[in-house]
Number of protein chains: 2
Amino acid sequence: MQSFTEENYLKIIYHLAELTNNVQTNSIAEKMQTKPASVTDMIKKLADKGFVDYIKYQGVTLTEKGRNAAIDIVRKHRLWEVFLVNKLNFKWDEVHDVAEELEHIKSVDLIERLDEFLGFPKSDPHGDPIPDKNGRFAKNHFTKLIELKIGDSGTITGVSQHSSAFLKHLEKLGLTLGKQIQINDVTDFDGSVEILVADKQINISREVAKHILISNNGKN
Amino acid sequence: MQSFTEENYLKIIYHLAELTNNVQTNSIAEKMQTKPASVTDMIKKLADKGFVDYIKYQGVTLTEKGRNAAIDIVRKHRLWEVFLVNKLNFKWDEVHDVAEELEHIKSVDLIERLDEFLGFPKSDPHGDPIPDKNGRFAKNHFTKLIELKIGDSGTITGVSQHSSAFLKHLEKLGLTLGKQIQINDVTDFDGSVEILVADKQINISREVAKHILISNNGKN
DNA sequence: AATAATTTTTAGATTTACCTAAAAATAAAA
DNA sequence: TTTTATTTTTAGGTAAATCTAAAAATTATT
Ligand SMILES: [Mn+2]
Ligand SMILES: [Mn+2]
Ligand SMILES: [Mn+2]
Ligand SMILES: [Mn+2]
């Protein structure tokens, strides 16, 4: 059984490993909002417990056991987010912090019943896939909106930024999950993108376009 | 903001204070499954923070602030128990341990929305009253089944023992909340009680009868 | 009132998760 | 290939919550 803190480390290592196989001490420290020295301490402990493989100065990788533990926490986090949005009427920008706490509740039974209660959802309110009880899930294969060309179209199916500020902004622009969009123009000056959504033409900044994920996109 | 541990101390002191106004160090230690020396340490801290009044060797009493904090935790615990039983189909004997964890999730918004989602329940699966968001609740005024006389009748509206073993036993006997019962006889030999429930005559031990709470009882 | 039993507190340690400052290793630049 | 910069680790320490053993206070019993 892992502590609250160990679970947070595992989850963060897991997410960082999605970007780079070998995860650096400093990246973990940044995400954990702690100091590199503390991370080294914890890494040693996680290695002792068999959750990570660790070579001094070479960063860490999750073991099978570590990855499973991490995926289990991700599963809980996302299921709770679905619960908060679908059952308790939270907005998608309000759920992350509460889910950060709920994900640590230890009861296999609880999470399986919750999954059932929610109708075995496949993705969370931000479009992220929810692992099943065996840890399996389809890896999303989205294109960033910023990478689309003029004339391309598709459906908003995810976001790669979960901050409340960003999500509220999208909401205001009407850019929510499931919405159909089309690229009309890309501004030379600042890289902002003109898109068509719900029959309206709007302009979004490059920064915003970077974090919107599109699927099912018909290239021009 | 209180820590997980502080919250548990406050809740336990609150429950003990329902029995005796001045709560002893040893009773707290027993309930917390810790040592008296640890309790003394924590009591000092809680006193510093203004949650309890404390005089050396004289035990503790909750301050207004401490009582409010404790009631808030009790409210969360009981609401989560209702959720687990009514929405996730847990049995009444399976919910306590999970609720012990869930009660520490810190989000006022969450618990108010949960309350609403559940339809503002007035009591939990064990018949215990649920404080409203202002901490107000009707204090139950039940009679222990053991105190009834032959011929008395009433409705099972609570239990004063929450162990899984006890609750499972009641379930098997058909002695669940809302059931109508009548006292038919009390055995001289062992103090066991003959009761009528759902047209069936059953015998329950003195120990069981002590922990069943009856309301609305028509005396003979 | 004196003695014994119980309860409670202090003293001193331990464990977990942190921290700062300095040393060591690795990577990048000159 | 040195030198410099960055990353990572070690060393030593702190705060929270716990523990054991022993001392002190309170309560109960003779
Ligand atoms: Mn989230
Ligand atoms: Mn999410
Ligand atoms: Mn309970
Ligand atoms: Mn209960």
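We use all heavy atoms of the structure for the numbers below, so side chains are in, but hydrogens, waters and symmetry mates are not. To find a chain, count down the sequence lines: A is the first, B the second, and so on, and within it residues start at 1.
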Exercise for the section: Give the minimum heavy-atom separation between B:Trp92 and B:Thr176, together with the two atoms involved. Expected result: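 Closest pair (atom of B:Trp92, atom of B:Thr176, distance): CH2-CA, 4.3 Å.
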Problem - Within residues 10-20 of chain B, residues whose heavy atoms come under 4.0 Å of DNA chain D - result: none
Practice task
Verify whether the ring centers belonging to B:Phe51 and B:Tyr14 lie closer than 6.0 Å.
Solution key: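 That pair fails the under 6.0 Å test.
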Exercise for the section: With sequence neighbours excluded, give me every ring pair (Phe, Tyr, Trp, His ring centres under 6.0 Å) pair touching residues 109-144 of chain B. Expected result: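 Qualifying pairs: B:His126-B:His162.
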Practice task
With heavy atoms under 4.0 Å as the rule, sort A:Tyr9 into base, sugar-phosphate or nothing.
Solution key: sugar-phosphate
Practice task
Assign A:Ser38 to base, sugar-phosphate, or nothing according to its heavy-atom contacts below 4.0 angstrom with the strands shown.
Solution key: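 If one applies the 4.0 Å heavy-atom cut-off, A:Ser38 turns out to touch a base.
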Handout entry: Counterpart residues, side-chain contact (heavy atoms from CB on, under 4.5 Å), relative to A:Lys168 (two or more places apart)
Key = A:Asp93, A:Ser164
Exercise for the section: Please identify each residue that fulfils side-chain contact (heavy atoms from CB on, under 4.5 Å) with B:Glu103, with sequence neighbours left out. Expected result: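 Per chain and number, B:Glu103 pairs via side-chain contact (heavy atoms from CB on, under 4.5 Å) with B:Asn8, B:Lys11, B:Ile73, B:Lys76, B:His77, B:Glu100.
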Practice task
Give every residue pair that meets the side-chain hydrogen bond (donor to acceptor under 3.5 Å, both in side chains) criterion with at least one member in residues 129-138 of chain B, sequence neighbours excluded.
Solution key: none
Exercise for the section: Output every pair passing side-chain hydrogen bond (donor to acceptor under 3.5 Å, both in side chains) with a member in residues 46-58 of chain B, not counting sequence neighbours, ordered by first then second residue. Expected result: B:Glu6-B:Lys49
Mind listing the side-chain donor-acceptor pairs of residues 26-43 of chain B below 3.5 Å, one per line with the distance, residues two or more places apart or on another chain?
| residue | atom | partner | partner atom | Å |
| --- | --- | --- | --- | --- |
| B:Ser27 | OG | B:Gln24 | O | 3.4 |
| B:Thr40 | OG1 | B:Pro36 | O | 3.2 |

Handout entry: Protein proximity profile, nucleotides 2-8 of chain C - base contact B, sugar-phosphate-only contact S, no contact -, cut-off 4.0 Å on heavy atoms
Key = -----SB
Could you tell me how far apart [X] ([atom1]) and [N] ([atom2]) are, to the nearest whole angstrom?
X       : N      : atom1 : atom2 : answer
A:Ile43 : D:dT10 : CD1   : P     : 11 Å
A:Phe4  : D:dA16 : CZ    : P     : 18 Å
A:Ile28 : D:dT7  : CD1   : P     : 14 Å
B:Glu6  : D:dA15 : CD    : P     : 16 Å
A:Ile55 : C:dA25 : CD1   : P     : 16 Å
B:Asp41 : D:dA15 : CG    : P     : 15 Å
A:Met42 : C:dC19 : CE    : P     : 11 Å
B:Leu46 : D:dA16 : CG    : C1'   : 13 Å

Taking only side-chain nitrogens and oxygens of [X], does any of them come within less than 4.0 Å of OP1 or OP2 of [N]?
X       : N      : answer
A:Thr5  : C:dT16 : no
B:Lys44 : C:dT10 : yes
B:Lys35 : D:dT20 : yes

Problem - Those residues that, when tested against A:Phe4, pass ring-ring contact (aromatic ring centres under 6.0 Å, His included) (two or more places apart) - result: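 A:Phe4 satisfies ring-ring contact (aromatic ring centres under 6.0 Å, His included) with A:His104 only.
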